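Heads up: the structure comes next, in structure tokens.
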Amino acid sequence: MDTLTRLQAMSDRDTYSTAEIALSNRNKGMPLDLLRHDITPVGAHYTLTHFDIPFLDPETYRLEIGGLVDAPLSLALGDIQAGSAKTVAVTLECAGNGRSRLDPRPTNMPWGLEAIGTAEWTGVPLHEVMALAGIRPQAVELVFSAPDEGTQKGIRHYYQRSLAIAECQRHEVMLAWAMNGRPLEPQHGAPLRLIVPGWYGMASVKWLTGIEAVAEPFMGPQQAGSYNIRKSPDDPGERITRIRVRALMTPPGRPDFPTLERTADAGPTRLFGRAWSGEATVEQVEVGIDGDWHEAVLGEQVGDFAWRSWSFLWQATPGEHELSCRAADALGRSQPLEQDWNEGGYCNNMVQTIRVRVE
Ligand SMILES: Nc1nc2c(c(=O)[nH]1)N[C@H]1C(S)=C(S)[C@@H](COP(=O)(O)O)O[C@H]1N2
Ligand SMILES: [Mo]
């Protein structure tokens with residue numbers, strides 16, 4: 001069979017709708033070859049946007065802070081940038097990463113394993129800005145609002161998410177205006193976004209225009225109606241918060257175009273990848289060669305909430321091989337070998353497997 005016939009056979013097994021393809025052209029992943037970079041180039045960092053990318057003019061931009069605060073504030077970008085700026089490397093991952101590997105595949109953005117990226121975010125701690133407004137004791141959460149609007153499950157709404165006050169006080173949660181030393185790109189939330197290190201990406205609200213302190217837990221569609229781990233449609237589900245431990249590998253050898261099937265040469269081959277967890281430090285990465293697990297060597301963490309590299313010297317022998325990798329963190333959490341299915345296809349950290357032909 002020639003490669004195009006094989007590609008056709010693959011799509012017959014696994015048919016994607018044009019709507020899913022349209023979604024995955026708008027929301028792009030980071031090619032896993034770029035795992036090599038400690039910091040993901042801005043243009044290669046994954047993006048996920050539910051609705052349209054809003055246009056916000058940095059000159060007239062305001063962040064409105066209100067609700068249960070002593071002094072409501074209307075801040076220009078310059079007012080926020082006058083704070084004590086810091087730059088921190090953070091690994092972001094979409095909660096839907098790995099969704100298309102589930103069987104049956106939940107209908108939503110059909111991510112492979114590329115919904116990741118690590119950037120150096122520059123901003124000010126959220127708690128410093130909120131201290132200027134003074135959060136009243138009755139407040140239980142902050143609600144973060146953006147001007148991007150659409151419908152989901154039939155409900156018209158703006159993108160809004162909330163966080164408990166204690167979470168908002170973590171010093172690493174920030175209001176960021178720069179990514180890798182440059183002003184935010186429109187698709188990444190220009191001119192200002194929230195960054196919640198350790199949490200899946202949905203918490204890091206882009207195009208942030210409002211913060212409201214509220215007395216009751218926020219129940220908006222992106223909070224209560226989505227981002228829950230539900231085993232069946234009527235299961236109330238469990239809220240998605242921190243990023244589960246995961247290791248990924250740069251596919252070794254060379255790809256065929258357009259099937260992307262991989263071939264490598266026999267002999268010593270250095271396998272390379274990254275591992276991260278939003279809950280604790282990654283302490284171990286193992287590499288599976290045809291089902292036998294071996295210890296990988298770990299590199300330094302790029303930041304407290306960023307990935308670390310790993311590598312392993314593989315003695316590649318001729319034939320067909322299946323390579324995989326799995327990480328474990330300081331809390332003893334690891335990655336499942338089999339899928340742990342849920343309705344939305346969230347938090348799927350089942351191990352990556354790569355088939356390689358060695359010649
Ligand atoms: N305003 C707004 N913020 C948003 C989203 C959105 O659609 N609108 N998507 C969220 C999701 S689901 C993810 S995974 C991250 C993606 O951030 P990135 O596109 O900068 O990588 O942004 C989050 N913030
Ligand atoms: Mo996401």
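All ligand and atom numbering here is 1-based and tracks the order in the structure. The structure displayed is predicted, hence computed values, not measured ones.
- Remark: minimum distance from atom 9 (N) of ligand 1 to any protein heavy atom is reached at Leu48 O, 3.3 Å.
- The closest non-hydrogen atom to atom 4 (C) of ligand 1, taken over Trp199, Trp121, Tyr159, comes from Tyr159.
- Arg193 contributes no side-chain N or O that, together with a main-chain N or O of Leu184, makes up a donor-acceptor pair within less than 3.5 Å.
- Close approach of ligand 1 to Cys94 (heavy-atom distance below 4.0 Å) involves ligand atoms 14 (S).
- Heavy-atom distances between Gln222 and ligand 1 stay at or above 4.0 Å for every pair.
- Side-chain polar atoms of Gln335 and Gln352 form no donor-acceptor pair below 3.5 angstrom.
- Of all the atoms in ligand 1, the ones that sit under 4.0 Å from a non-hydrogen atom of His45 are 21 (O).
- Contacts between Arg193 and ligand 1 below 4.0 angstrom, taking non-hydrogen atoms only, involve the side chain exclusively.
- Among Glu279, Glu93, Glu167, the one residue that satisfies the salt bridge (charged side-chain N to carboxylate O under 4.0 Å, His left out) test with Arg242 is Glu167.
- The hydrophobic cluster containing Val287, built from Ile/Leu/Val/Met/Phe/Trp/Tyr side-chain heavy atoms closer than 4.5 Å, also comprises Val245, Met249, Leu271, Val282, Val285, Ile289, Leu298, Trp310, Phe312, Trp314, Leu323, Ile354, Val356, Val358.
- Close contacts between ligand 1 and His188 involve ligand atoms 18 (P), 19 (O), 20 (O), 21 (O) [criterion: under 4.0 Å to a heavy atom].
- Of the possible polar contacts, one joining the Asp290 side chain to the Glu322 backbone as a donor-acceptor pair under 3.5 Å is found.
- Within ligand 1, counting atoms from 1 as listed, the ones closer than 4.0 Å to a heavy atom of Thr47 are 19 (O), 21 (O).
- His157 and Phe51 have perpendicular rings, their planes meeting at more than 60° on a 0 to 90° scale where under 30° would count as parallel.
- At the top of the distance list for atom 11 (C) of ligand 1, counting protein heavy atoms only, stands Met202 CA, 3.7 Å.
- In this structure, atom 3 (N) of ligand 1 lies nearest to the protein heavy atom Lys206 N, 2.9 Å.
- At least one side-chain heavy atom of Leu92 sits less than 4.5 Å from a side-chain heavy atom of Ser204.
- Contact annotation: for Ser204 versus ligand 1, heavy atoms closer than 4.0 Å belong to the backbone alone.
- Residue contact check: Val205 has heavy atoms under 4.0 Å from atoms 3 (N), 24 (N) of ligand 1.
- At a heavy-atom cutoff of 4.0 Å, ligand 1 is contacted by the side chain of Ala146 but not by its backbone.
- Considering backbone and side-chain atoms alike, Trp207 places every N or O at 3.5 Å or more from each N or O of ligand 1.
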Go through the steps for Gln284 and Glu295 under the test side chain to side chain donor-acceptor pair (under 3.5 Å), then give the verdict.
CA-CA 8 Å; Gln284 186 190 42; Glu295 196 89 13; 3.1 Å; yes
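- Every N/O-N/O distance between Ala95 and ligand 1 stays at or above 3.5 Å.
- Using a 4.0 Å cut-off to heavy atoms of Thr49, the atoms of ligand 1 that qualify are 7 (O).
- Of all the heavy atoms of Tyr46, the ones lying under 4.0 Å from any atom of ligand 1 are found in both the backbone and the side chain.
- Between Gln187 and Ile53 the shortest heavy-atom distance is CB-CD1, 3.8 Å.
- The proximity of Tyr227 to ligand 1, defined as any non-hydrogen pair under 4.0 Å, is limited to the side chain.
- Side-chain atoms of Glu185 never come within 3.5 Å of backbone atoms of Val42 as a donor-acceptor pair (strictly under, hydrogens ignored).
- Residue His50 places at least one N or O, backbone or side chain, under 3.5 Å from an N or O of ligand 1.
- The side chain of Asp148, and not its backbone, has at least one atom closer than 4.0 Å to an atom of ligand 1 (non-hydrogen atoms only; side chain from C-beta on).
- At the top of the distance list for atom 23 (C) of ligand 1, counting protein heavy atoms only, stands Gly201 O, 3.3 Å.
- Arg274 and Asp38 are joined by a salt bridge, as a carboxylate oxygen and a charged side-chain nitrogen come within less than 4.0 angstrom of each other.
- Atoms CZ and OH, on Arg105 and Tyr16 in that order, are 4.0 Å from each other to the nearest 0.5 Å.
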Assess whether side chain to side chain donor-acceptor pair (under 3.5 Å) is satisfied between Thr118 and Thr40, documenting all intermediate values.
CA-CA 5 Å; Thr118 297; Thr40 310; 4.7 Å; no
